[in-house]
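Let me begin by presenting the structure, written as structure tokens, before commenting on it.
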Amino acid sequence: MAEKSVNITVFGKVQGVGFRYHTRKAAQRFGVNGFVKNQVNGTVYVEAEGDELAVELFCEWCKKGPDWARVDRINICDAGVKRYLGFEIR
């Protein structure tokens, strides 16, 4: 299957609610590699790659996030594959 890579910015109440931890768990569940980190402007930034279906499912999860987060919107941009090994919180 074709590999896909995306950069995601998540807006809303996404810091201080375990969003990064649960994003890593979701990435591992879907078989997606990359990283997640908080940004100083209150957003969460994600780089994710894997097979196309896995990345699409992961992006759908990011639109909702964990139960106690509030995702107002996300921006998803296609990116070049970087061949990450695993998924980490930065």
Side-chain angles (χ1 to χ4, degrees):
M1 191 158 207
E3 279 197 58
K4 182 175 177 100
S5 180
V6 294
N7 297 340
I8 304 167
T9 304
V10 186
F11 299 82
K13 184 180 180 198
V14 292
Q15 290 190 13
V17 293
F19 196 95
R20 291 177 301 153
Y21 170 80
H22 288 281
T23 300
R24 182 178 62 190
K25 287 187 72 155
Q28 292 168 339
R29 185 170 62 245
F30 293 119
V32 171
N33 295 324
F35 69 88
V36 59
K37 68 178 184 175
N38 285 341
Q39 300 284 79
V40 294
N41 66 358
T43 63
V44 169
Y45 176 74
V46 183
E47 291 190 9
E49 62 186 28
D51 72 65
E52 193 168 354
L53 178 59
V55 172
E56 292 297 328
L57 292 170
F58 177 75
C59 288
E60 288 302 311
W61 181 90
C62 287
K63 290 177 183 177
K64 181 181 182 297
D67 290 340
W68 41 91
R70 187 194 76 243
V71 176
D72 293 335
R73 67 183 171 95
I74 70 172
N75 288 346
I76 302 171
C77 301
D78 288 330
V81 175
K82 296 181 181 172
R83 307 246 181 262
Y84 290 110
L85 299 174
F87 195 94
E88 66 180 32
I89 296 172
R90 292 189 178 170

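All values below come from the heavy atoms of this structure, side chains included, with hydrogens, waters and symmetry mates left out. All values reported here derive from a predicted model rather than from experimental measurement.
- The minimum heavy-atom distance between V17 and P66, with the atom names listed, is O-CG, 4.4 Å.
- Across all their heavy atoms, V55 and E49 have their closest contact at CG2-C, 3.7 Å.
- A48 pairs by the side chain to side chain contact (heavy atoms under 4.5 Å, CB included) definition with V6, V32, V46, F58, not counting sequence neighbours.
- Proximity of F19 to N38: side-chain heavy atoms (C-beta onward) are nowhere separated by under 4.5 Å.
- Linking ILVMFWY side-chain heavy atoms closer than 4.5 Å, directly or via other members, places Y45 and V81 in two distinct hydrophobic clusters.
- In this structure, the salt bridge (charged side-chain N to carboxylate O under 4.0 Å, His left out) partners of K63, at least two apart in sequence or on a different chain, are E60.
- For G80 against S5, the heavy-atom pair with the smallest separation is O-OG, 3.3 Å.
- Screening residues 11-32 for salt bridge (charged side-chain N to carboxylate O under 4.0 Å, His left out), with sequence neighbours left out, gives no hits.
- To the nearest 0.5 Å, the span separating SG on C62 from CD1 on I74 amounts to 6.0 Å.
- A26 and W61 get closest at one heavy-atom pair: CB-CD2, 3.7 Å.
- Residues R70 and V14 share a closest heavy-atom pair of O-CG1, 4.1 Å.
- What you find for Q28 and F87 is that their closest heavy atoms are NE2-O, 4.4 Å.
- For residues 80-90, the side-chain hydrogen bond (donor to acceptor under 3.5 Å, both in side chains) pairs, not counting sequence neighbours, are E3-R83, E47-K82, E47-Y84, E88-R90.
- Hydrophobic clustering keeps F35 apart from I89 (ILVMFWY residues linked when any side-chain heavy atoms are closer than 4.5 Å, directly or through intermediates).
- Under the salt bridge (charged side-chain N to carboxylate O under 4.0 Å, His left out) criterion, K64 pairs with D67, sequence neighbours left out.
- T43 pairs by the side chain to side chain contact (heavy atoms under 4.5 Å, CB included) definition with T9, F11, Q39, N41, not counting sequence neighbours.
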